[in-house]
Peer 1: 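Below you'll find the structure I mean.
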Amino acid sequence: MLSLLYQEGPCTEGIFRRSGSAKTCKELKEKLDSGVDVDLTCESIFVTASLFKDFLRNIPGSILSSQLCDKWVSVMDQGNNEEKIKSIQRLIEQLPRANVVLLRYIFGVLHGIEMRSEENQMNAFNLAICIAPSLLWPPVSSTPDIESEFTKKISSLVQFLTENCCRIFGEEITSLFGEI
């Protein structure tokens, strides 16, 4: 899924913004959940993007860990970019290894898409708006106003992560998928 998004995402206008067919997504999700081999190259890239966001939303406690939610939210209130990057790296060290590996690939994909934002209209801000709600959510539900403010803060964090992913995760993030 990520490999396909890495390949096709940068040249697809509105990737992660436009939804795939709900019926197709539901059918493919059921097939994937039951272990059936699915050839996503035969589907719309928007279906793949929708399935991927759904996968992220179903990670128990979120990929960034709802237990660390307050710490993630407060990162963007810190001083300069260096301090933010160091704080993010410390938080990443607290995540399970599988989450860290997946995050590296996710931000490798987002970086590739952002690099071609003039073509796909998906700069770091737009990507963050679309993907942030799938990466972290508060451990308890709250009022719509508080949730709206939370979403803005997490979107700002994801934008920063996307824009600074090479410094946060290392330059090799740009070559995780090899020469596809």
Peer 1: Tell me whether K84 forms a cation-pi arrangement with F160, defined as NZ or CZ under 6.0 Å from the six-membered ring centre and within 45 degrees of its axis.
Peer 2: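 Checked: cation-pi criterion met.
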Peer 1: Evaluate the criterion salt bridge (Lys or Arg N to Asp or Glu O under 4.0 Å) for residue pair E27 and K31; output intermediate values, then yes/no.
Peer 2: CA-CA 6 Å; E27 290 169 357; K31 287 180 183 177; over 6 Å; no
Peer 1: Any idea how F16 and F52 line up, ring-wise: parallel (<30°), tilted (30 to 60°), or perpendicular (>60°)?
Peer 2: tilted
Peer 1: About how many Å separate CG of L2 and CG of L102, when rounded to the nearest 0.5 Å?
Peer 2: 6.5 Å
Peer 1: Looking at every heavy atom in both Q159 and A128, which two are closest together, and how far apart are they?
Peer 2: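 Minimum heavy-atom contact is N-CB, 3.5 Å.
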Peer 1: Under the side-chain contact (heavy atoms from CB on, under 4.5 Å) rule, what do Q121 and T12 come out as? Steps first, then yes or no, please.
Peer 2: CA-CA 9 Å; Q121 305 303 307; T12 304; over 6 Å; no
Peer 1: Assess whether side-chain contact (heavy atoms from CB on, under 4.5 Å) is satisfied between L32 and M1, documenting all intermediate values.
Peer 2: CA-CA 11 Å; L32 289 167; M1 214 178 281; 4.0 Å; yes
Peer 1: If we ignore hydrogens and angles and just use 3.5 Å, is the side chain of S62 paired with the main-chain N or O of S65 as donor and acceptor?
Peer 2: yes
Peer 1: Indicate yes or no for a side-chain donor-acceptor contact from S156 to the backbone of K152 under 3.5 Å, with no hydrogens or angles considered.
Peer 2: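 No.
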Peer 1: Could you check if a side-chain atom of I63 sits within less than 4.5 angstrom of a side-chain atom of L136, using non-hydrogen atoms only?
Peer 2: no
Peer 1: Looking only at side chains, do T162 and E114 share a donor and an acceptor under 3.5 Å apart?
Peer 2: no
Peer 1: Walk me through whether L135 and I59 qualify under side-chain contact (heavy atoms from CB on, under 4.5 Å).
Peer 2: CA-CA 9 Å; L135 298 180; I59 294 174; over 6 Å; no
Peer 1: Please round to the nearest 0.5 Å and tell me the distance separating atom NZ of K53 and atom CG of L5.
Peer 2: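 Interatomic distance, K53 NZ to L5 CG, rounded to 0.5 Å: 10.5 Å.
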Peer 1: Under a 4.5 Å side-chain heavy-atom rule over Ile, Leu, Val, Met, Phe, Trp and Tyr, are F125 and V73 clustered together?
Peer 2: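 Different clusters: F125 never reaches V73 through Ile, Leu, Val, Met, Phe, Trp or Tyr contacts under 4.5 Å.
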Peer 1: Are L91 and F107 co-members of a hydrophobic cluster defined by side-chain heavy atoms under 4.5 Å apart?
Peer 2: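 Same hydrophobic cluster.
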Peer 1: Sort out for me which residue in E119, E8, M122 forms a side-chain contact (heavy atoms from CB on, under 4.5 Å) with I113.
Peer 2: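 The passing option is M122.
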Peer 1: Following the transitive rule for hydrophobic clusters with a side-chain heavy-atom cut-off under 4.5 Å over Ile, Leu, Val, Met, Phe, Trp and Tyr, establish whether L110 and V100 coincide in one cluster.
Peer 2: yes
Peer 1: Closest heavy-atom contact between L28 and L51?
Peer 2: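 Between these two residues, the closest heavy atoms are CB-CD1, 3.8 Å.
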Peer 1: Mind checking the CG-CZ spacing from N123 to R116? Nearest 0.5 Å is all I need.
Peer 2: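 N123 CG to R116 CZ: 15.5 Å, rounded to 0.5 Å.
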Peer 1: On a heavy-atom basis, which atom in N120 and which in P10 lie closest, and how many Å separate them?
Peer 2: ND2-O, 2.9 Å
Peer 1: Are V109 and I106 close enough, and set up right, to give a side-chain contact (heavy atoms from CB on, under 4.5 Å), and what steps lead you there?
Peer 2: CA-CA 5 Å; V109 168; I106 291 168; 5.9 Å; no
Peer 1: Is it true that V101 and V158 fall in one hydrophobic cluster, defined by side-chain heavy atoms closer than 4.5 Å?
Peer 2: yes
Peer 1: For F46, is the NZ or CZ atom of R18 found under 6.0 angstrom from the centre of its six-membered ring and inside 45 degrees of the ring axis?
Peer 2: yes
Peer 1: Do L4 and Q7 have side chains that get closer than 4.5 Å, going by heavy atoms?
Peer 2: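 With C-beta onward as the side chain, the pair touches.
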Peer 1: When the ring centroid of Y105 is compared with that of Y6, is the distance short of 6.0 Å?
Peer 2: no
Peer 1: Establish whether M115 and F177 are linked, either directly or via other cluster members, by ILVMFWY side-chain heavy-atom contacts under 4.5 Å.
Peer 2: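 Shared cluster, no.
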Peer 1: Distance-only, no hydrogens or angles: does the S21 side chain make a donor-acceptor pair with backbone N or O of T24 under 3.5 Å?
Peer 2: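 Yes; judged by distance alone, with no hydrogens or angles, the pair exists.
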Peer 1: Please report the shortest heavy-atom distance between C166 and I173, naming the atom on each side.
Peer 2: SG-CG2, 3.8 Å
Peer 1: Check whether the side chains of E93 and Q89 place a donor and an acceptor atom closer than 3.5 Å, and report yes or no.
Peer 2: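 No, no side-chain donor-acceptor pair sits under 3.5 Å.
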Peer 1: Could you measure the distance from the CD atom of E163 to the CG atom of L127? Nearest 0.5 Å is fine.
Peer 2: 10.0 Å
Peer 1: How many angstroms lie between atom CD of Q94 and atom CZ of R90, to the nearest 0.5 angstrom?
Peer 2: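 If we round to the nearest 0.5 Å, Q94:CD and R90:CZ are 9.5 Å apart.
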Peer 1: Using a 6.0 Å cut-off, check whether atom CG of D37 has over 12 heavy atoms from anything other than its own residue.
Peer 2: no
Peer 1: Which heavy atom of L176 sits nearest a heavy atom of R104, and at what distance?
Peer 2: CD1-O, 3.4 Å
Peer 1: Give a yes or no on whether D70 atom CG has more than 12 heavy-atom contacts from other residues, nucleotides or ligands under 6.0 Å away.
Peer 2: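 No, not enclosed.
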Peer 1: Could you pull out the closest heavy-atom pair between G61 and W137, with the gap in Å?
Peer 2: C-CZ2, 4.1 Å
Peer 1: Using side-chain heavy atoms (C-beta onward) and a distance below 4.5 Å, is V47 in contact with K29?
Peer 2: no
Peer 1: Can you tell me how far the OG atom of S148 sits from the NZ atom of K153, to the nearest 0.5 Å?
Peer 2: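 NZ of K153 is found 11.5 Å from OG of S148.
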Peer 1: Around atom CD of E172, are there more than 12 heavy atoms from other residues, nucleotides or ligands closer than 6.0 Å?
Peer 2: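 Counting neighbours around CD of E172, more than 12 heavy atoms of other residues, nucleotides or ligands fall under 6.0 Å, so yes.
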